[in-house]
Amino acid sequence: MTAAFTIALDAMGGDHAPDMVIKGAAAILPRFPQVKFVLFGDAARIEPLLRQFPALKDRCELRHTAEKVGSEDKPSHALRRGRNTSMRLAIDAVASGEAQAIVSAGNTGALMAMAKFVLRTLPGIERPAIASFLPTMKGETVVLDLGANVECDARNLVQFAVMGANLAHSALGRHRPRVGLLNVGVEELKGHDEVRGAAELLRAVQNPPFEFVGFVEGDDITKGETDVIITDGFTGNIALKTAEGTAKLMSGLLRSAFQRSLLTKLGYLLARSGLAMLRDRMDPRFYNGGVLLGLNGIAVKSHGGTDDVGFAAALEVAIDMAQDRLIDRIKADFSGAFAESLAAQMPTVQTEQHVSSART
């Protein structure tokens, strides 16, 4: 029997909270009967919603707080004055061990700042990263960092590789994930010092918990040949937003094409089932859930504008990680033979990067 566990929910985070939070949590109950929830938020708004879902009401505890983190709040402000907000109290529940994960659709910067302050980073990890999933020709791939770290050195990128590989194992079932470094070309001499240094490390270290496939380019992301794509937060965020924009463009072009004439409308009717499959495959709601990797606790960020379908997808990501004991897996990787081999290689790479930078 699968062990029971608890998810802490920031019930007031997101554009459509608390409605979509409650509906999303209720939607996953049939698939995850072992899950319980602790809800943090405005009881006056949440209790009427819970009465509509008796099964959920029986499986959750509601804790009232009138305070919440606003979408425009600066992370520093939220960190200083947000101790009694729904977001902070949900994070505290993970830190205390009462919950195994926290899910919030609230302010991304505030969530990262609070989670990093309360949960701390795992040993061996210098910077947390935001990871999420993108659809490919063969399923899904993990991409990180998606915006937490604008600039990264070789060590950061290698740490992202370890964390991303463990996420691919937990959420996608990949037992030995294939990891690629995003670059401007696949040749070894391409890219800046940090990317080349990370590649050198990944090729040299012993017993990595994944298979390093080398450099990949932007058009390789959706091919599905790799399970994990590693990059800095600046490039990763642009890649993510470009992918989302492309999906919207394709959807708009298809809709326009099928509305051009009576004949194209008839063609739509004939192709409707196939187009429905395509729509679902590209629907960003089903890939919702950015994971704050590298923290000593599971924290998942749902898109702020999502609905209950998207929030349910983010909940599933958190549940998968809790079931697979993601945090323990990452800790093990950074305390074993792989970590020792990585530490042994770092002085050489750092020296070579310093010399290369001095020459330029």
Side-chain angles (χ1 to χ4, degrees), residues 7-25 37-43 45-46 63-95 99 101-121 127-133 143-150 233-234 236-238 240-241 244 284-285 287-315 317-318 321:
I7 306 295
L9 300 181
D10 170 14
M12 308 310 295
D15 299 343
H16 308 294
D19 301 59
M20 61 88 178
V21 174
I22 303 304
K23 292 177 180 178
F37 298 102
V38 181
L39 302 176
F40 296 88
D42 187 344
R45 296 182 60 187
I46 297 172
R63 297 184 187 174
H64 171 73
T65 177
E67 298 183 32
K68 67 176 183 178
V69 176
S71 59
E72 303 300 324
D73 288 351
K74 293 182 178 180
S76 57
H77 180 273
L79 190 59
R80 289 196 307 270
R81 304 183 182 181
R83 294 184 179 181
N84 293 315
T85 60
S86 55
M87 181 184 290
R88 175 61 183 270
L89 294 175
I91 296 171
D92 288 344
V94 176
I102 177 259
V103 181
S104 172
N107 184 314
T108 303
L111 180 63
M112 174 61 86
M114 284 185 174
K116 186 176 181 180
F117 176 77
V118 175
L119 301 177
R120 306 296 182 183
T121 55
R127 298 183 184 181
I130 300 175
S132 192
F133 309 91
V143 184
L144 72 159
D145 181 20
L146 294 177
N149 306 280
V150 173
F234 182 87
N237 190 268
I238 291 176
L240 174 65
K241 298 299 174 57
E244 292 175 346
R285 296 179 302 172
Y287 304 96
N288 186 40
V291 184
L292 277 57
L293 285 178
L295 300 174
N296 193 25
I298 297 171
V300 176
K301 171 64 173 71
S302 167
H303 195 290
T306 195
D307 59 9
D308 56 291
V309 175
F311 195 79
L315 286 174
V317 172
M321 292 192 298

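Nearest heavy atom pair, residue A90 against residue I102, reads CB-CG1, 3.6 Å. Considering every non-hydrogen atom in both L144 and A129, the closest pair reads CD1-CB, 4.0 Å. Across all non-hydrogen atoms, the minimal contact from A314 to G289 is CB-CA, 3.9 Å. For the residue pair A115 and L292, the shortest heavy atom distance occurs at CB-CD2, 4.2 Å. Closest non-hydrogen pair, V103 versus A318, comes out as CG2-CB, 3.6 Å. Residue F40 comes nearest to L89 through the heavy atom pair CD2-CB, 3.5 Å, listed as atom of the first residue, atom of the second, then distance.
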### Task
Go through I130 and K301 one step at a time and tell me if the side chain to side chain contact (heavy atoms under 4.5 Å, CB included) criterion holds.
CA-CA 9 Å; I130 300 175; K301 171 64 173 71; over 6 Å; no
### Message
For L315 and L9: C-alpha separation, side-chain torsions, deciding distance, then whether side chain to side chain contact (heavy atoms under 4.5 Å, CB included) applies.
### Response
CA-CA 9 Å; L315 286 174; L9 300 181; 3.5 Å; yes
### Message
For a side chain to side chain contact (heavy atoms under 4.5 Å, CB included) check, start with the C-alpha distance between F117 and I91, then their side-chain angles and the critical distance, and finish with the verdict.
### Response
CA-CA 10 Å; F117 176 77; I91 296 171; over 6 Å; no
### Task
Take M12 and V21, measure what side chain to side chain contact (heavy atoms under 4.5 Å, CB included) needs, and give me the verdict at the end.
CA-CA 8 Å; M12 308 310 295; V21 174; over 6 Å; no
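With sequence neighbours left out, R63 forms a salt bridge (charged side-chain N to carboxylate O under 4.0 Å, His left out) with E61, E98. Residues passing the side chain to side chain contact (heavy atoms under 4.5 Å, CB included) test with A66 are H64, sequence neighbours excluded. Remark: A99 pairs with T6, A8, A93, V94 by the side chain to side chain contact (heavy atoms under 4.5 Å, CB included) rule, at least two apart or across chains. Every salt bridge (charged side-chain N to carboxylate O under 4.0 Å, His left out) that D307 has, sequence neighbours left out, goes to R285. Applying the side chain to side chain contact (heavy atoms under 4.5 Å, CB included) rule to H16 yields the partners M20; only residues at least two apart in sequence or on another chain are considered. Shown here are the side chain to side chain contact (heavy atoms under 4.5 Å, CB included) partners of T85, two or more places apart in sequence or in another chain: E67, V69, M87, R88, M114.
L240 contributes atom CG, which lies 12.5 Å from atom CZ of F133 (distance to the nearest 0.5 angstrom). Atoms CG and NZ, from L295 and K116 in turn, are 8.5 Å apart once rounded to the nearest 0.5 Å. Rounded to the nearest 0.5 Å, atoms CD1 (I22) and CG (D308) are 11.0 Å apart. In this structure, CD1 in I46 is found 10.0 Å from CG in D19, a value given to the nearest 0.5 Å. For the atom pair OG1 (T121) and CG (L293), the distance works out to 13.0 Å, reported to the nearest 0.5 Å.
A donor-acceptor contact shorter than 3.5 Å links the side chain of T65 to the backbone of N84.
D92 places a side-chain heavy atom less than 4.5 Å from the side chain of V118.
For the side-chain contact (heavy atoms from CB on, under 4.5 Å) test with D10, the passing option among S302, S104, P18 is S104; the others fail.
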Cut-off 3.5 Å, no hydrogens considered: what does the side-chain donor-acceptor table look like for residues 105-112, sequence neighbours left out?
| from | atom 1 | to | atom 2 | distance (Å) |
| --- | --- | --- | --- | --- |
| N107 | OD1 | G109 | N | 3.0 |
| N107 | OD1 | A110 | N | 3.0 |
| N107 | ND2 | G70 | O | 3.2 |
| N107 | ND2 | S71 | O | 3.2 |
| N107 | ND2 | D73 | O | 2.8 |

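Each side-chain hydrogen bond (donor to acceptor under 3.5 Å, both in side chains) pair with one or both residues in residues 291-300, not counting sequence neighbours, appears once here: N296-K331.
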